[in-house]
Amino acid sequence: MRAVSTPNIALIKYWGNRREDWRLPAADSLSITLDRPNVEVDVQPSDAFAVRSFDLAGNENPQSEKSVERLKKHWDLTCAYGESIVHAGIMPKRVSLDIRSSIPPSIGIASSAAVFSCLAEAYAGLMGGTKHLTREQVSVIGRLGSGSAARSAMGGFVALENVGGDRMDAARARQIAPASHWTLHDIIIVPSREEKKVGSTEGHALAATSPLFTARLKEIPRRMKECIAAIEAKDFEKLRVISEEDSLDMHRVMQSQNPPLQYLSDDTHRILREIEALRTNDHLEVLYTMDAGPTVHLICTETSRNAIIAFAESQKNCTVFKASAGGGSTIV
Ligand code: PMV
């Protein structure tokens with residue numbers, strides 16, 4: 001079973017869980033599914049659980065023991081969930097995974113979201129695809145491996161919403177609008193290709209140690225409402241204000257956790273200052289948002305795109321990726 005998927009970029013961030021083992025998020029979140037870079041997986045029934053991973057050039061990238069462990073745990077959770085919603089014995093006993101990714105790991109382009117949504121799509125395919133599973137159920141499988149992966153199961157503008165209760169499917173994705181609703185682009189500036197020391201899984205688990213975490217959770221329902229209204233009305237200025245507020249708020253929580261997580265670098269702050277000056281001077285529709293890394297995502301409209309690309313490409317010692325809103329995970 002072969003599937004393909006892509007990352008997403010959150011406008012209202014997911015940070016912290018209410019249940020760690022099932023990655024039930026502490027609050028709702030909202031993102032734009034991107035159209036690239038791609039991850040492709042091939043899942044085959046096998047005698048033993050096995051993982052091979054390749055980069056864009058086809059070179060094998062051996063996975064760390066920790067990431068194989070995470071993939072195996074995700075497989076076990078998927079089997080338990082699959083059996084609960086379809087029937088016992090629906091899944092093969094073991095599988096082998098071939099993962100082909102064009103995303104450099106751990107640089108703030110959600111590679112885990114793309115990988116786990118891609119696996120979710122392939123695993124759902126093994127369960128009989130759309131005959132058995134809804135898009136919401138595919139999103140639940142993605143979420144069991146990486147919370148943000150739930151949102152790449154759908155295209156365009158996607159919320160990950162808690163529906164209450166303590167079940168595996170108590171948080172699932174919902175499409176707010178397809179990619180065609182509003183042409184937005186994500187110009188991604190990567191100042192460092194160094195792998196980050198603390199990943200988001202460990203970070204989520206300590207979010208509640210921040211004295212700012214409770215206040216953040218209280219603000220999210222309002223931000224979600226405003227973000228959805230801005231998307232529906234295609235009101236870029238409203239989207240900018242709410243997204244930047246939320247991204248900076250998440251980083252304040254990260255920085256005040258115990259131990260503190262400082263994902264933003266001097267380069268990040270310099271890029272933000274420059275983009276603030278540029279957009280004021282040139283009246284550009286662009287907003288910034290950062291995930292768990294120094295990478296700056298510049299979300300912009302069609303009319304501002306060329307100017308933002310020129311700005312990104314003028315940054316020294318940075319790698320630039322260009323993406324747009326896309327369609328989400330699918331079987332190939
Ligand atoms: O899905 P995870 O566990 O990699 O968490 C991702 C968290 C952020 O990227 C920082 C925010 C988000 O909503 O994508």
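When a ligand or atom number is given, it counts from 1 through the structure's own listing order.
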Judged by heavy atoms only, the candidate from Arg151, Arg143, Lys13 nearest atom 14 (O) of ligand 1 is Arg151
| said: Tell me if the aromatic rings of Phe213 and Trp15 count as close, with their centers under 6.0 Å from one another. | reply: no
Does a donor on one side chain sit under 3.5 Å from an acceptor on the other, for Ser102 and Asn38?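 Checked: Ser102/Asn38 side chains show no N/O donor-acceptor pair below 3.5 Å.
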Do we see a donor-acceptor contact under 3.5 Å between the side chains of Glu285 and Ser304?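 Per modelled atom types, Glu285 and Ser304 side chains form no pair under 3.5 Å.
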Hey, is [X] touching ligand 1 through its side chain, its backbone, both or neither, going by heavy atoms under 4.0 Å?
X      : result
Ala10  : side chain
Met290 : neither
Ser148 : both

Per-atom contacts of ligand 1 with Ser112, taking only distances under 4.0 Å to non-hydrogen atoms: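 Answer, ordered by atom number: 4 (O).
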Ligand 1 atoms nearer than 4.0 angstrom to some heavy atom of Ser146 are 1 (O), 2 (P), 4 (O)
Please list, chain by chain and in numerical order, all residues satisfying salt bridge (charged side-chain N to carboxylate O under 4.0 Å, His left out) with Arg94, sequence neighbours excluded.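 For Arg94, no residue satisfies salt bridge (charged side-chain N to carboxylate O under 4.0 Å, His left out) once neighbours in sequence are set aside.
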| task | Give a yes or no answer on whether the side chain of Ser243 reaches the backbone of Arg240 with a donor-acceptor pair at less than 3.5 Å. | result |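 The answer is no, because no donor-acceptor pair under 3.5 Å joins these two groups.
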Query raised in the report: Just by distance, do the side chain of Asn61 and the backbone of Ser53 share a donor-acceptor pair under 3.5 Å?
Result: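 Side chain of Asn61 to backbone of Ser53: no pair is present.
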If you measure every N/O of Asn8 against every N/O of ligand 1, is any gap under 3.5 Å? no
Are any of the N/O atoms on Ser200, whether in the backbone or the side chain, positioned under 3.5 angstrom from an N/O atom of ligand 1?
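Such a contact does occur with ligand 1.
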May I ask whether Ala113 has any heavy atom positioned less than 4.0 angstrom from an atom of ligand 1?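 It does not, in that no heavy atom of Ala113 comes within the 4.0 Å cut-off of ligand 1.
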In Met290, His251, Met250, the residue satisfying side chain to side chain contact (heavy atoms under 4.5 Å, CB included) with Lys13 is Met250
